[in-house]
Structures are given as C-alpha cells and as structure tokens.
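A quick write-up on the structure given underneath.
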Amino acid sequence: MPVRPTVGTTVRIKLGPHDTDAYKSRVADIDEQFLYIDIPVNPRSGRELEIHVDDELIVEYAASPSEIYRYTAQSLGIAYIPTPALRLISPAVAKGLERIQRREFFRVSIDTTVQLTRVEDGTSNQMQSVDISGGGLAVKARGQVPYRPNDVVEVSLVLPYIEYVLHARCRIVRLAADEQTHECIVSMAFENIREREREQIVRYTFMRQRALKQQQR
C-alpha cells in the first residue's frame with residue numbers, strides 16, 4: 001500500500017512536470033479516497049493559487065524523512081472541514097504514484113549574484129538569486145528581462161557557506177512579474193547538470209536549512 005502523508009504534512013503543488021515553482025500547502029485531512037489540503041499559496045507573493053474543478057495538479061509530499069512521493073491529481077473542488085480545503089484523490093488510490101529523489105524536493109533561499117549567458121547569442125546579464133534546489137533555481141530583476149520560456153542559458157554563481165563556484169546550463173521555465181515589487185522572477189530548470197555540481201547544490205541546501213533552524217532557536 002502506498003505510504004500516505006499524515007495531517008500537518010507539508011505538500012508542494014506544481015502546475016506542470018517541468019515547473020520549478022511550487023505552491024506550498026499542508027495536509028488538512030486524509031482518508032482512503034481523498035486528500036484534503038489547505039489552499040496552496042505562493043511562498044514568494046503570499047497569493048493563493050486560483051484553482052478550478054478538474055484542473056490537473058502535481059502533488060509532492062514527504063511521507064517520511066527518506067521517502068518523498070509525487071503523483072498527478074485533478075482538483076475535485078473545495079470542502080469545508082471546517083475551513084476551506086482543496087479536495088484531491090488520495091495517494092492510496094492514485095495512479096502513477098512515484099518516489100522521487102530527495103534532492104529534487106528541498107528548495108531554499110539564496111542571496112548571491114548570478115551571471116546568465118544566453119546560449120543562442122552569447123548575451124549576458126546579471127540578476128539576483130531567489131532560491132535553489134537540486135532541480136533548478138530562480139533569479140529576479142526589476143522591470144522586464146530579455147528572456148522567454150525555453151531559452152537556454154549558462155549560469156554562474158557562488159554558493160554561500162561553501163564558496164563553491166557553480167557553472168551549469170539551465171532552461172528557462174517561467175517568467176512571473178510581481179506587481180507589488182515590480183520585479184520579474186525567472187524560474188529555471190537545470191539541464192544535463194554534472195553530478196558533482198548537483199552534489200554541491202544539495203550540500204548548500206542542507207547547510208542553509210541548518211542555519212535557518214539555528215536562527216529560529
């Protein structure tokens with residue numbers, strides 16, 4: 001039987017298989033047929049995800065510290081238990097439930113300058129990093145940016161704490177404008193990244209998480 005999350009477990013919601021952005025949620029209730037989660041929220045803007053019945057969503061959750069799962073589910077509407085919660089099919093009966101790499105799951109903030117060079121024409125720009133995981137990273141800049149989805153760029157940045165100079169190729173997945181800050185968030189997925197590079201990113205994410213926990217004490 002598939003391992004199910006428990007009430008209170010953090011859930012990530014993505015809108016597509018190559019989407020590096022994720023909306024955060026939490027398990028509000030679960031039974032054999034359905035999973036009820038809080039309305040997903042964009043962790044950067046704090047805005048709730050606008051969802052319609054039958055929208056297809058990618059659900060990711062950690063069933064234990066070593067077991068992380070992903071499956072695709074359709075939105076089945078809003079339930080009240082008693083606060084509003086999004087109703088999805090339970091992973092216990094979902095088709096296509098898969099276990100994913102832990103390194104793909106954890107995304108942490110990062111504050112450093114990133115050099116982006118578009119492979120197509122060699123033009124370069126500097127932007128500020130937002131967050132990073134073993135699967136990709138996001139950067140930001142004020143106003144419009146000279147990129148579009150599916151552009152391939154070479155990125156270069158220094159990972160804090162470990163002072164590792166990371167060079168990797170990325171494909172731009174999404175550009176999202178923030179009306180409040182007038183910034184554009186550029187989300188990217190790593191392409192054919194070398195294992196050594198990914199290991200250094202995962203090393204940084206663990207150190208960053210440790211630092212955040214120490215700050216909360």
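Scope of the values below: all heavy atoms of this structure, side chains included, with no hydrogens, waters or symmetry mates. One is the number of the first residue; the rest follow in order along the sequence.
Hydrophobic clustering (side-chain heavy atoms under 4.5 Å, transitive across Ile, Leu, Val, Met, Phe, Trp, Tyr) groups V93 together with V59. There is no path of hydrophobic side-chain contacts, each under 4.5 Å, that joins I58 to F34. In terms of hydrophobic clustering, with Ile, Leu, Val, Met, Phe, Trp and Tyr side chains grouped at heavy-atom distances under 4.5 Å, V114 and I162 are assigned to a common cluster. Linking Ile, Leu, Val, Met, Phe, Trp and Tyr whenever their side-chain heavy atoms come within less than 4.5 Å puts I13 and I30 in one cluster. Under a hydrophobic clustering in which Ile, Leu, Val, Met, Phe, Trp and Tyr are joined whenever their side-chain heavy atoms come within less than 4.5 Å, directly or via other members, I89 and L15 fall into the same cluster.
At a threshold of 4.5 Å between non-hydrogen side-chain atoms, the residues V139 and L157 do not count as touching. Within the 4.5 Å cutoff, the side chain of R208 has no heavy atoms near those of the I132 side chain. Side chains of L49 and S25 form no contact here, defined as non-hydrogen atoms less than 4.5 Å apart.
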Listed pairs under 3.5 Å, donor-acceptor, residues 72-83 side chains, sequence neighbours left out:
| residue | atom | partner | partner atom | Å |
| --- | --- | --- | --- | --- |
| S75 | OG | H52 | O | 3.4 |

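Rounding to the nearest 0.5 Å gives a distance of 11.0 Å between CD1 of I110 and OG of S133. The line from CG of L159 to CD1 of I201 is 6.5 Å long, rounded to the nearest 0.5 Å. Annotation: the span from R47 atom CZ to N42 atom CG amounts to 8.0 Å, rounded to 0.5 Å. To the nearest 0.5 Å, atoms NE2 (H167) and CD (E154) are separated by 10.0 Å. To the nearest 0.5 Å, the span separating SG on C184 from CD on Q144 amounts to 8.5 Å. Between atom CG of residue L35 and atom CG of residue L88 there is a gap of 5.5 Å, rounded to the nearest 0.5 Å.
In this structure, the side chain of S129 engages the main chain of T112 through a donor-acceptor pair within 3.5 Å. In this structure a side-chain-to-backbone donor-acceptor pair under 3.5 Å is present from R198 to G134. A donor-acceptor pair under 3.5 Å is absent between the side-chain atoms of S187 and the main chain of A138, judged by distance alone.
In this structure, N192 places its CG atom where only 12 or fewer heavy-atom neighbours from other residues, nucleotides or ligands lie under 6.0 Å away. Counting non-hydrogen atoms of other residues, nucleotides and ligands closer than 6.0 Å to CD of E163 gives a total above 12.
Taking R196 as the reference, nothing meets the salt bridge (Lys or Arg N to Asp or Glu O under 4.0 Å) condition, with sequence neighbours excluded. Residues satisfying the side-chain hydrogen bond (donor to acceptor under 3.5 Å, both in side chains) criterion with Q128, sequence neighbours excluded, are D111. For E98, the side-chain hydrogen bond (donor to acceptor under 3.5 Å, both in side chains) partners are R70, not counting sequence neighbours.
When every heavy atom of R4 is checked against every heavy atom of D31, the shortest pair comes out as NH1-O, 3.1 Å. Closest approach of V153 and R118 over heavy atoms only: CG1-CA, 3.9 Å. The two residues N125 and P146 come nearest to each other via the heavy atoms ND2-CG, 3.6 Å. When all heavy atoms of G122 and T117 are compared, the closest pair comes out as O-CG2, 3.6 Å. Nearest heavy atom pair, residue T9 against residue T6, reads OG1-O, 2.8 Å. Counting all heavy atoms, side chain and backbone alike, I39 lies closest to A85 at CD1-C, 4.3 Å.
Applying the salt bridge (Lys or Arg N to Asp or Glu O under 4.0 Å) test to pairs two or more places apart or on separate chains, none has a residue in residues 83-94. The ring-ring contact (aromatic ring centres under 6.0 Å, His included) pairs that include a residue from residues 115-163 are Y161-Y204, where partners are two or more places apart or lie in different chains.
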CA sep, side-chain torsions, deciding dist, call: M188, L137, side chain to side chain contact (heavy atoms under 4.5 Å, CB included): CA-CA 5 Å; M188 300 175 283; L137 79 152; 3.8 Å; yes
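In this structure, a donor-acceptor pair under 3.5 Å is absent between the side chains of E48 and Y23.
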